[in-house]
Visitor: 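I have a structure I would like to understand better, so I am pasting it below and will then ask my questions one at a time.
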Amino acid sequence: MVKDLELWDIICGGPHVPIKKLEKTRPMVPKDIKEYSDIDRKVVEKKYCAKKILVYGIGTDEYNRVSACDTTEEIWEALQTAHEGTTKVKQSKIDMLTTEYELFRMKDDESIQICTPYSHPS
C-alpha cells in the first residue's frame, strides 16, 4: 500500500530531479547522474517505475497519445484530457446535459404505462 501511494504521489506530483547548489550565491542546478546519492537513485527509480506502470497499462491508441511525454505527470494529464476532456470541455458537457434535462418533456402522443415484471404493454 505504501509503495502504491508513493507511486501515485510521483504520478500526480510530477518528476523528482535531484539538484545541487553550485555555490552559496548560485542557483540550484540538476545533479549529474554520477553525483546521485542512494536516496536520489531510489527516488528516480520510483519515477521510472511509475512511468512504466502507466505506459504498460494502456493500449496502443493511448500509447500514441503519450509517447512524446517525458514525465509521469505529463502522461497522466494527457490521459485525463483524452478521456475526461479539459475543464472547459467538461463544463460544456455539463451545461449541455443540464439543458437537455431541463427541456425533457413527454410528447403529446406518448403516455406513461406501468409494467409489472409479469405483464407486457399492449
Side-chain angles (χ1 to χ4, degrees):
M1 178 69 175
V2 172
K3 181 179 180 181
D4 296 339
L5 186 57
E6 289 171 350
L7 292 176
W8 187 246
D9 287 342
I10 289 169
I11 290 169
C12 294
H16 170 77
V17 178
I19 55 175
K20 66 179 179 179
K21 195 169 194 171
L22 292 176
E23 295 175 15
K24 284 186 178 182
T25 58
R26 302 280 178 164
M28 302 294 267
V29 295
K31 288 182 182 178
D32 188 316
I33 197 164
K34 297 172 196 165
E35 300 173 306
Y36 284 8
S37 68
D38 288 341
I39 293 171
D40 293 334
R41 288 182 191 286
K42 285 181 183 181
V43 173
V44 171
E45 231 175 70
K46 286 180 186 176
K47 177 182 80 169
Y48 287 114
C49 183
K51 187 174 180 179
K52 182 174 76 173
I53 288 170
L54 283 175
V55 172
Y56 286 176
I58 59 177
T60 307
D61 292 337
E62 283 85 10
Y63 180 78
N64 291 334
R65 280 190 191 108
V66 301
S67 61
C69 297
D70 292 324
T71 66
T72 54
E73 186 178 34
E74 289 174 1
I75 292 170
W76 186 246
E77 286 174 11
L79 290 172
Q80 278 186 309
T81 301
H83 292 280
E84 295 177 10
T86 63
T87 304
K88 288 181 183 179
V89 171
K90 284 191 261 185
Q91 189 57 50
S92 176
K93 286 179 185 177
I94 290 169
D95 293 344
M96 182 188 67
L97 290 170
T98 301
T99 302
E100 211 175 295
Y101 171 75
E102 290 170 349
L103 296 174
F104 184 74
R105 302 276 188 267
M106 187 168 68
K107 296 178 184 172
D108 290 338
D109 61 339
E110 294 178 325
S111 66
I112 299 174
Q113 189 173 27
I114 300 173
C115 296
T116 61
Y118 300 107
S119 68
H120 296 291
S122 24

Visitor: Run the side-chain contact (heavy atoms from CB on, under 4.5 Å) check on Val29 and Ile19 step by step: do they pass?
Guide: CA-CA 5 Å; Val29 295; Ile19 55 175; over 6 Å; no
Visitor: Is Ile33 reachable from Val44 through a run of I, L, V, M, F, W or Y residues, each pair having side-chain heavy atoms under 4.5 Å apart?
Guide: yes
Visitor: Working to the nearest 0.5 angstrom, can you tell me the gap between Ile94 CD1 and Thr99 OG1?
Guide: 11.5 Å
Visitor: Could you list the residues that satisfy side-chain contact (heavy atoms from CB on, under 4.5 Å) with Lys31, not counting sequence neighbours?
Guide: Pro18, Lys20, Glu35, Tyr36, Asp40
Visitor: Kindly determine whether Leu79 and Arg65 satisfy side-chain contact (heavy atoms from CB on, under 4.5 Å), including the steps that lead there.
Guide: CA-CA 8 Å; Leu79 290 172; Arg65 280 190 191 108; 5.6 Å; no
Visitor: Quick one: list whatever passes salt bridge (Lys or Arg N to Asp or Glu O under 4.0 Å) with Lys46, sequence neighbours left out.
Guide: Glu6
Visitor: Do the side chains of Lys51 and Ile75 get nearer than 4.5 Å, heavy atoms only?
Guide: yes
Visitor: Would the number of heavy atoms belonging to other residues, nucleotides or ligands and lying under 6.0 Å from CG of Asp38 be above 12?
Guide: no
Visitor: Do you know the tightest heavy-atom contact between Leu54 and Thr72?
Guide: CD1-O, 3.8 Å
Visitor: Scan residues 52-77 for pairs that pass ring-ring contact (aromatic ring centres under 6.0 Å, His included), counting only residues two or more places apart or in two chains.
Guide: Trp8-Trp76
Visitor: Could you work out, with side-chain hydrogen bond (donor to acceptor under 3.5 Å, both in side chains) as the rule, every residue matching Gln91, not counting sequence neighbours?
Guide: Asp95
Visitor: With Lys107, which residues qualify under side-chain contact (heavy atoms from CB on, under 4.5 Å), at least two apart?
Guide: Asp109, Glu110
Visitor: Drop me the distance from Ile58's CD1 to Ile53's CD1, to the nearest 0.5 angstrom.
Guide: 13.0 Å
Visitor: So how far is it from Met96 CE to Glu100 CD, rounded to the nearest 0.5 Å?
Guide: 6.0 Å
Visitor: Apply side-chain contact (heavy atoms from CB on, under 4.5 Å) to Ser111 and list each qualifying residue two or more places apart in sequence or on a separate chain.
Guide: none
